[in-house]
Amino acid sequence: MSAAGPDLELVVRVDQTRCVGTGHCAASAPDDLALGPNGRAYPTHPTSTARDQLSEAADLCPVEAITVHLARTGEQIAPLD
Amino acid sequence: MSADQSQTPAGGPLIPLHCLQQAEPGPPRLAVLPTGTPVWLVTRHADVRQALTDPRLNRASLYAPDAPAVSLIPNILDDPDSLLNVDGAEHQRVRRTVQRAFTPRAIARWRPWVESVVDGLLDELVESGSPADVIAGFSRPLPVAVISRLLGLDGLDLRRLGHWSDHALSTTAYTVEEIVTAMREFGEFGYQLVLERRKNPGDDLVSSLLAAADETGGVSEAQLTSLVCGLVVAGHETTMTTLGNALVYLLGDDPAARTAWDRVGRDEESAAQATEQVLRSIPLGDATDALPGMLRRAVAEVEIGGVTIPAGSVVAADTGAANHDPEIYPDLGGIDLFAPLDTPSLTFGAGPHHCLGAWLARMELESGLHHLARRLPALRLAEPVGAIEWRTGLMTRSPLTLRVAW
């Protein structure tokens with residue numbers, strides 16, 4: 001997998017019912033999020049280490065459809081506030 | 001295009017918005033805009049959602065040099081510097097300057113303050129006594145106070161905002177000359193505000209969007225001015241309209257409305273459910289072709305709902321029809337304000353231009369309706385629906401005044 005260490009592996013989840021297809025997440029985290037043909041966002045990899053990009057995607061999602069979790073513990077790290 | 005459903009066959013009084021019938025959804029079909037430009041009218045829920053999210057349809061191409069005419073008269077939605085009229089990376093850059101302030105979490109932080117404004121307006125309304133005009137006393141001042149505080153506009157003569165807003169959304173209310181003059185003045189105001197906040201930043205949204213724009217770069221002065229003006233208008237007009245039209249229904253004689261009013265006042269969850277159904281089922285105005293924001297243009301050939309739409313075509317995403325699509329929202333006969341919405345409505349649109357202020361609007365509506373119903377459970381219309389004086393000649397329609405009693 002990744003040489004970055006288990007605590008930096010992240011999982012991103014998209015609530016597809018809530019998602020309205022703005023695509024802002026794909027702009028923030030182009031390596032890990034994309035808009036599918038159904039007009040909803042989806043994670044393009046099972047895990048990622050792009051913490052800053054994924055956190056921004058989650059923080060700025062206009063409908064809060066995205067959450068980012070530590071892969072190991074499931075703890076949510078974004079959005080936080 | 002779609003027939004103007006707003007008048008009875010005899011040309012009598014205007015029908016309340018909650019009584020308007022929407023076009024029956026069907027496959028995309030060719031219609032004509034008032035300019036004579038052909039337009040593909042999209043009405044089914046899934047098709048409208050696709051029209052608003054598919055990257056092969058966008059806004060900027062509506063204003064390309066080769067684009068067909070889509071507006072008979074100038075309006076604020078035609079401004080090439082508007083957030084609504086850029087796409088892709090440029091759109092992201094502009095939108096990111098304000099997006100953080102409009103997420104559900106950020107808006108939730110405003111709730112206690114919004115509720116204090118609601119309480120203050122209710123105190124004044126009750127003090128002034130029954131009967132009263134609930135538009136002047138409640139549904140106009142609430143969103144105006146909120147957006148003024150958000151943008152730091154305290155001290156501005158709020159009648160000027162209303163003047164500019166009415167001209168910005170005019171269809172037949174004003175002449176082209178009047179609209180152009182008002183929009184120029186409005187733009188001047190926005191520009192001066194941008195200059196002032198850059199010189200003396202505060203803790204308001206204008207200051208923070210300027211700081212964000214300076215940090216990322218790539219956002220022009222014209223785009224920033226347009227954004228500020230857009231926030232002012234969008235920040236109050238549509239909320240005021242929805243609240244007024246909701247009250248026309250809720251305070252009327254229909255026994256279902258009386259029961260709903262009771263329930264809306266009882267708990268916030270019910271108020272939230274009712275707000276979602278109000279947003280879905282009561283349109284902002286009369287005819288589809290009066291909402292230019294729902295237009296898109298195909299930059300490539302695209303199939304929607306089994307119909308192939310050629311590149312270069314103008315497409316109208318009829319969210320009003322989609323919100324009443326019987327495949328998604330079975331018509332149970334009458335308005336049920338507390339039926340859960342399994343499929344979110346398309347009132348706030350979809351795709352990149354999904355309404356920035358959606359959560360702010362929701363909160364104002366929920367809080368406004370809940371506290372008004374809680375404080376004045378006996379509130380009812382004090383004039384017949386047929387006697388209501390409407391704001392007309394604009395893209396939206398709502399009562400100009402609404403006489404109520406308790």
Side-chain angles (χ1 to χ4, degrees), chain A residues 10-46 48-71 73-81, chain B residues 45-58 83 87-109 212 216 218 302-304 317 319 328 340-362:
Chain A
L10 303 169
V11 172
V12 59
R13 296 201 193 112
V14 181
D15 180 339
Q16 292 224 331
T17 305
R18 224 169 144 84
C19 174
V20 291
T22 67
H24 298 325
C25 55
S28 290
D31 297 330
D32 292 296
L33 287 161
L35 264 195
N38 66 353
R40 288 165 177 85
Y42 69 98
T44 55
H45 301 103
S48 165
T49 55
R51 188 177 181 124
D52 288 347
Q53 290 185 347
L54 286 175
S55 295
E56 184 182 272
D59 285 347
L60 294 184
C61 172
V63 296
E64 271 174 34
I66 299 177
T67 52
V68 184
H69 306 259
L70 291 180
T73 63
E75 177 195 341
Q76 181 170 326
I77 60 135
L80 279 182
D81 51 343
Chain B
H45 194 282
D47 295 346
V48 170
R49 203 182 183 287
Q50 183 192 347
L52 297 173
T53 57
D54 196 308
R56 292 167 295 180
L57 293 149
N58 73 17
L83 178 62
D87 299 297
E90 192 182 352
H91 171 256
Q92 288 292 329
R93 271 200 305 275
V94 183
R95 179 131 176 172
R96 279 157 67 117
T97 63
V98 286
Q99 182 62 69
R100 202 172 283 272
F102 286 96
T103 61
R105 303 179 305 293
I107 295 300
R109 277 182 230 123
T216 57
V302 54
E303 186 193 301
I304 300 180
T319 54
I328 308 289
L341 275 183
D342 296 323
T343 306
S345 81
L346 290 167
T347 297
F348 292 116
H353 300 285
H354 179 270
C355 176
L356 181 67
W359 300 99
L360 183 59
R362 281 185 164 108

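Naming: A, B, ... by sequence-line order, numbering from 1 per chain.
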| For chain A, which of G351(B), A106(B), P344(B), A46(B) has the most heavy-atom pairs under 4.5 Å? | G351(B)
| query | Could you walk me through whether L60(A) and H24(A) pass the side-chain contact (heavy atoms from CB on, under 4.5 Å) check? | reply | CA-CA 8 Å; L60(A) 294 184; H24(A) 298 325; 5.8 Å; no
| field | Distance-minimising heavy-atom pair for W359(B) and P62(A) | value | NE1-O, 2.9 Å
| query | chain A heavy atoms under 4.5 Å from R49(B): which part of the residue, side chain, backbone, both or neither? | reply | side chain
| note | d(T17(A) OG1, L341(B) CG) to nearest 0.5 Å is 12.5 Å
| R56(B) and E303(B), any side-chain heavy atoms less than 4.5 Å apart | no
| Can you say whether Q92(B) sits under 4.5 Å from chain A via the side chain, the backbone, both, or neither, judging by heavy atoms? | side chain
| For H91(B), is it the side chain, the backbone, both or neither that has a heavy atom under 4.5 Å from a heavy atom of chain A? | side chain
